[in-house]
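Data block below; observations after.
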2 protein chains.
Amino acid sequence: MSAISITSESTEMYLKSIAELEMLATPPVAISHLAQRLGVSSPSVLEMVKRLAAQNLVTHTPYKGVSLTDSGRRRAMAVLRRHRLWERFLVDTLQLPWESVHDYACQLEHATAPAVTDALAAFLDNPTTCPHGNPIPDAAGAVPPNRTIPLLELAVGQSARLENIIYEEAILLEYLARRGFLPGVQLTLEDIAPYQGPLMVRVSGFDHPAALGREIAARIFVVPTE
Amino acid sequence: MSAISITSESTEMYLKSIAELEMLATPPVAISHLAQRLGVSSPSVLEMVKRLAAQNLVTHTPYKGVSLTDSGRRRAMAVLRRHRLWERFLVDTLQLPWESVHDYACQLEHATAPAVTDALAAFLDNPTTCPHGNPIPDAAGAVPPNRTIPLLELAVGQSARLENIIYEEAILLEYLARRGFLPGVQLTLEDIAPYQGPLMVRVSGFDHPAALGREIAARIFVVPTE
DNA sequence: AATCATAATTAGGATACCCTAATTTAAGGA
DNA sequence: TCCTTAAATTAGGGTATCCTAATTATGATT
């Protein structure tokens with residue numbers, strides 16, 4: 001059977017998910033967060049985490065959570081690279097809709113031999129970001145330094161440029177795109193309603209500010225501008 | 001987890017392999033042939049075949065072998081379609097070497113959503129054959145009528161055009177390509193050595209005929225010409 | 001310090017899909 | 001008819017990866 005891949009699909013999904021969750025909050029990553037993200041039960045996560053720990057891909061601190069080792073991080077970055085390259089290809093080359101490509105890429109990323117990854121990157125002229133603005137790790141797994149802050153932490157009245165969206169659910173991406181929230185747009189945080197209320201954000205070229213929930217605003221990353 | 005695919009990779013590999021073996025010999029396909037092709041043991045094949053039979057994808061005649069149901073064949077054709085589209089993409093678009101793409105396609109075929117298949121086919125302008133000349137089933141699973149015969153059955157002295165090669169091992173494909181055996185070439189069967197000996201085949205543009213073993217000649221399909 | 005709520009962990013179970021060894025069956029030849 | 005060989009089948013086992021129910025640990029609150 002075509003067992004070219006040494007790393008199982010599940011292993012790759014666990015490593016990738018830990019890496020993604022580490023971008024949203026400080027490690028170690030909670031078992032229940034991982035379980036939620038992967039759509040499996042906590043005991044399943046725990047068992048897989050123990051297996052990954054035995055392979056020195058993660059370190060598990062009991063009752064605290066799980067974090068990637070260097071080796072695990074390299075693996076995760078390789079998966080993210082493939083994921084985001086495929087997303088680029090699906091949007092730019094195959095013209096599939098922006099908000100729909102995450103799941104397709106999620107399948108393809110585990111089925112891509114190194115030679116295919118390299119050739120795909122070359123064909124795409126080595127893009128640096130996925131369609132959602134997230135950086136594509138280079139072939140060595142390196143990601144450029146992160147100068148962004150979550151929109152949630154932008155000062156009221158401050159302008160910024162939208163860099164990336166770490167949230168790939170199709171319905172949300174479609175919602176955001178319809179209100180102009182796309183990588184590269186200029187926006188201004190006009191107001192934050194009290195009591196953990198929504199943020200009023202004006203996207204340049206739009207007449208009215210959009211209201212964003214805090215959870216979404218925490219996953220939109222911006223670079224402040226003058 | 002990204003469980004978009006309803007059919008497991010193993011199921012797809014079994015169905016595809018049965019379909020391929022049915023092209024080389026009369027059904028039912030022997031358990032041991034299937035085991036050899038898939039690189040697993042006979043009891044494993046038998047158990048999977050029973051499982052596939054329970055899903056009405058194959059019919060298993062005890063001690064005789066296994067054949068595809070209509071439903072199973074449709075599934076197999078869909079896998080073959082994806083396999084051959086990816087081969088086309090890998091060779092034509094990513095410029096990967098002709099003899100190396102089979103394994104890569106073998107991975108990708110199980111990780112391709114319907115929408116991606118359709119978009120890929122459109123991008124490739126709906127090719128009708130893979131790089132090895134094998135027909136690409138259309139979206140409904142149909143394959144054009146087969147007018148070919150195995151080179152092994154060509155009459156001595158007869159000329160023919162090479163249509164397709166049903167044998168995707170990299171070393172052999174490289175060997176064949178170096179001797180000019182590519183889809184579309186004109187060739188002549190000059191001689192067959194006695195006692196199941198090799199065939200002497202002259203490929204147009206080459207000074208000397210090449211000697212081919214019978215097993216290989218049985219997998220090269222040609223259309224006789226005047 | 002005691003209590004409560006939440007998260008993590010343990011215990012036991014299931015399935016897909018693979019394995020080897022032993023036994024049975026079918027086909028061909030003497 | 002009997003024997004041999006090869007293939008198919010049965011029997012028992014393993015692993016990755018998932019599940020639910022029950023128990024334990026942790027942190028916050030009273």
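Both backbone and side-chain heavy atoms feed into the values below; hydrogens, waters and symmetry mates do not. Reminder, nothing fancy here: chain letters follow the sequence lines and each chain counts from 1.
For the pair A:Glu12 CD and D:dT17 C1', the computed distance is 15 Å after rounding to whole Å. Summarising the geometry, the separation between CE on A:Met48 and P on C:dA8 is reported as 17 Å, rounded to the nearest angstrom. Put simply, CD on A:Glu9 is 14 Å from C1' on D:dC18, counting in whole angstrom units. Put simply, NE2 on B:His33 is 14 Å from P on D:dA6, counting in whole angstrom units. For the pair A:Ile31 CD1 and D:dA25 P, the interatomic distance rounds to 17 Å; values are reported in whole Å.
Under 4.0 Å is where a charged nitrogen must lie from a carboxylate oxygen, and between B:Arg219 and B:Glu169 no such pair does.
Closest non-hydrogen pair, A:Val91 versus A:Pro131, comes out as CG2-CG, 3.7 Å. In terms of heavy-atom proximity, A:Glu109 sits nearest to A:Glu12 at O-OE1, 4.2 Å.
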Nucleotide N/O to protein N/O under 3.5 Å, stretch nucleotides 10-14 of chain C:
unit_1 : atom_1 : unit_2  : atom_2 : d
C:dT10 : OP2    : A:Lys50 : NZ     : 2.7

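Using a 4.0 Å cutoff on non-hydrogen atoms, the parts of residues 51-67 of chain A near DNA chain C are A:His60, A:Pro62, A:Tyr63, ordered by number.
The closest donor-acceptor contact from the side chain of B:Asn134 to the backbone of B:Thr129 lies at 3.5 Å or more, if one exists at all. At least one donor-acceptor pair under 3.5 Å links the side chain of B:Arg84 to the backbone N or O of B:Pro135.
One finds no side-chain N or O of A:Ser41 lying less than 4.0 angstrom from the OP1 or OP2 phosphate oxygen of D:dC18.
Below 30°, between 30° and 60°, or above 60°: for A:Phe89 and B:Phe123 the angle between ring planes is above 60°, a perpendicular geometry.
Under the salt bridge (charged side-chain N to carboxylate O under 4.0 Å, His left out) criterion, B:Arg51 pairs with B:Glu47, sequence neighbours left out.
Among the protein residues, B:Ser44 comes within range of the nucleic acid bases, having at least one heavy atom under 4.0 Å from a base atom. Within 4.0 Å of B:Ser42, counting heavy atoms only, lies at least one base atom of the nucleic acid.
Rounding to the nearest 0.5 Å gives a distance of 10.5 Å between OG of B:Ser10 and CG of B:Leu15.
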